[in-house]
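Just below is one structure, and these are the notes that go with it.
Numbering starts at 1 and runs along the sequence shown. Because only heavy atoms are used, hydrogens play no part in the values below, and waters and symmetry mates are left out as well, while side chains stay in.
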Amino acid sequence: MDTLECDVLVIGGGATGLGVVRDAAMRGFRCILVERVDLGQGTTGRFHGLLHSGGRYVISDPRSATECAEESATVKRIAAEAVEDTGGLFVTTPADDPDYADRFLAGARATGVPVQEIPVADALRREPRINPGISRAFEVADASIDAWKLLWANQRSAVEHGARILPYHWVTEVVRDGDRVAGAVCHDNRNERVVRIEAGFTVNAGGIWAGEIADMADCPGVTVVPGKGIMIAMNHRLVNTVVNRCEHPGDGDILVPIRTVCVIGTTDTAADSPDDLDIHSDEVQQMLDSGEVLVPGFRQARALHAWTGSRPLFKDERADPDADTRHMSRGLALVDHLSRDGVSGFLTITGGKLTTYRLMAETVVDAMCAQLGTARACTTADEAMPGSEDGRHYWLGSRLAAQEEAMADDQLVCECELMPRRRLIEAAARRPGMNLDDVRRVLRLGMGPCQGGFCTYRATGILHGLGDAEAPKADALLLQFLQHRWLGLEPILHGDQMRQACLDDWIFQGTLDVEHLPVTPPT
């Protein structure tokens, strides 16, 4: 067993965990972060890409509305490279309660969410595809955000401040030393070894798995309810502004333009397990119907991919036990295990939203410093992360502009996402042994209209040629990636997407005969 030592161990490699490790490292603590799979593979990488203005919660969850409004402005400043500043609209469609609009406006003013009513004609000129029957329109500061770019920026910043980031390290035991948590034991899934991490303080940022981590520390009763939602990516940007229905939060009432596609979302139901990723056909139809309300003709676009994610909803035992997940707070929750359970050296941070991840990190590290009796100021809101120093947001054509500069020298691997060979080679050098899903999260491989039909085998061949994947491993990587992509394709197969899937199948089965590769497909 290998043994590592640190001041602060962070469990969980989503946005919150990476925010915590960056914050603690910037305050001078020696930090290690462990994540059971790849960074952002849980809730962070499975949402609709909306950086909230707070408008959605001005009536249903005023505290979250204020938190989102304040943190959205901060994230746009410190993580500019990950943000497309699309702006947002709340519109009253013919299907919405017209009286809600006045309550929305009053709620926005009460919670500090910047909002401005604009003439309907202006909204329609700005977004000509939205429902021409809208009766009111409000401009807000919504934006879209590339969650993985945000994660990598936090990771790079944390590492620059001395932190160690250990993905694919599964926590098997939280170590107790009497009434104190003293670290954790992990299984390194890639190298098949056991790692013991001795830590002065441990922060549980396990998201929807935070209750399980707390149980390991013998601190039961941290109830985190998985609020499951489905999202569907359409094959091009039907809008260039985030468009919300001006109505109580409901299913399928947000359309987010992100990169070359737009995403409709989402549902909200309590899941039995955080690992429940099933997509039901009625939910798909519900999303497509909801899209028609926002953009008539929505169904004529091609649905590219469907996926699910689960929000970590902290259940306050004092709240209404019959409340459904839609009406549970999106506010952050700090669980102080010293005052609650008599256990020192251990804090849990959960709830919240991606938009408020930095505030969640600041909150828990402040609490940790208070327990340790040390005063170290948080500076995460003041320092731009790597890649965002110039404060420029990304824009739709930014990848094309970069590619045009190197067109003659840089072969494209993924045409849909304009991913050049050079970037794949650089990523492979930085992260030896990565699989194709890791490549997707880093470089967006296979996320465009062809869903990996033309780029997957090229990327596999390049990794093999680099010596990063011998033939059996390369075959396994290819099959694993195709299988994972299929999970999100199967629920939305019809029309043009069915034709695309048939073409992809012909390439992989008819030409490459991948079904008979001499490997066992991963489960």
Handout entry: H464 atom NE2, over 12 foreign heavy atoms within 6.0 Å
Key = no
Handout entry: Sidechain-backbone polar pair: Q371 side chain, C369 backbone, donor-acceptor under 3.5 Å
Key = no
Problem - Donor-acceptor contact present, side-chain Q403 to main-chain D410, <3.5 Å - result: yes
Problem - Residue pairs involving residues 20-29 (criterion salt bridge (Lys or Arg N to Asp or Glu O under 4.0 Å); sequence neighbours excluded) - result: D23-R27, R27-D366
Practice task
Evaluate whether atom CG of D179 has more than 12 neighbouring non-hydrogen atoms of other residues, nucleotides or ligands under 6.0 angstrom away.
Solution key: no
Problem - Exercise: identify the closest heavy-atom pair between A199 and R180 - result: O-NH1, 3.6 Å
Completion exercise
Distance col, row C416:SG vs L304:CG, nearest 0.5 angstrom, shows 8.5 Å
Handout entry: Under 3.5 Å donor-acceptor, R46 side chain and T308 backbone
Key = yes
Handout entry: R63 to Y57, cation-pi by 6.0 Å centre distance and 45° axis angle
Key = no
Problem - S157 side chain vs A153 backbone, donor-acceptor pair below 3.5 Å - result: no
Handout entry: Cationic N near anionic O, under 4.0 Å, R156 to E160
Key = no
Problem - Polar side-chain atom of T111 near backbone of P62 as donor-acceptor pair, under 3.5 Å - result: no
Exercise for the section: Check the side chains of T348 and H337 for a donor-acceptor pair under 3.5 angstrom, ignoring hydrogens and angles. Expected result: yes
Problem - Any donor-acceptor pair under 3.5 Å from D276 side chain to D278 backbone - result: yes
Exercise for the section: Go through the steps for V115 and V58 under the test side chain to side chain contact (heavy atoms under 4.5 Å, CB included), then give the verdict. Expected result: CA-CA 11 Å; V115 62; V58 295; over 6 Å; no
Exercise for the section: Search all heavy atoms of A474 against all heavy atoms of T460 and return the closest pair with its distance. Expected result: O-CG2, 3.4 Å
Problem - Main-chain N/O of P167 paired with H169 side-chain donor or acceptor, under 3.5 Å - result: yes
Exercise for the section: Evaluate the side-chain proximity of L39 to W148: yes if any heavy-atom separation is below 4.5 Å, no if none is. Expected result: no
Problem - Ion pair R259/E417, N-O distance below 4.0 Å - result: no
Practice task
Applying side chain to side chain contact (heavy atoms under 4.5 Å, CB included), run through L424 and R458 and close with a yes or a no.
Solution key: CA-CA 11 Å; L424 177 58; R458 295 173 186 158; over 6 Å; no
Handout entry: Heavy atoms of other groups near D272 CG, more than 12 under 6.0 Å
Key = no
Problem - R176 side chain vs A217 backbone, donor-acceptor pair below 3.5 Å - result: yes
Fill in the blank from the handout: In short, salt bridge (Lys or Arg N to Asp or Glu O under 4.0 Å) pairs touching residues 186-198 with sequence neighbours left out are D2-R193, D188-R193, R190-D438, R196-E198
Problem - Nearest atoms (heavy-atom pairs only) where A69 meets P114 - result: CB-CD, 4.4 Å
Exercise for the section: Evaluate the criterion side chain to side chain contact (heavy atoms under 4.5 Å, CB included) for residue pair M231 and V256; output intermediate values, then yes/no. Expected result: CA-CA 10 Å; M231 288 137 280; V256 183; over 6 Å; no
Exercise for the section: Locate the shortest heavy-atom distance separating A361 from T16; write the atom from each residue and the value. Expected result: CB-O, 4.5 Å
Exercise for the section: Evaluate the side chain to side chain contact (heavy atoms under 4.5 Å, CB included) criterion for residues D437 and D38: first the C-alpha distance (whole Å), next the side-chain angles of each, then the deciding distance (0.1 Å), finally the verdict. Expected result: CA-CA 9 Å; D437 272 316; D38 195 17; over 6 Å; no
Fill in the blank from the handout: In L151, L18, L332, L150, the residue satisfying side-chain contact (heavy atoms from CB on, under 4.5 Å) with Y357 is L150
Practice task
Given salt bridge (Lys or Arg N to Asp or Glu O under 4.0 Å), test E212 with R36 step by step and report yes or no.
Solution key: CA-CA 13 Å; E212 296 178 23; R36 67 175 193 161; over 6 Å; no
Handout entry: Stacked cation flag R440 on W307, 6.0 angstrom / 45 deg
Key = no
Exercise for the section: Could you tell me whether the side chain of P257 reaches within less than 4.5 Å of the side chain of T241, counting heavy atoms only? Expected result: no
Practice task
Kindly say whether E67 contributes a backbone atom to a donor-acceptor pair with the side chain of K353 at under 3.5 angstrom?
Solution key: no
Handout entry: N/O donor-acceptor pair under 3.5 Å between R311 side chain and G227 backbone
Key = yes
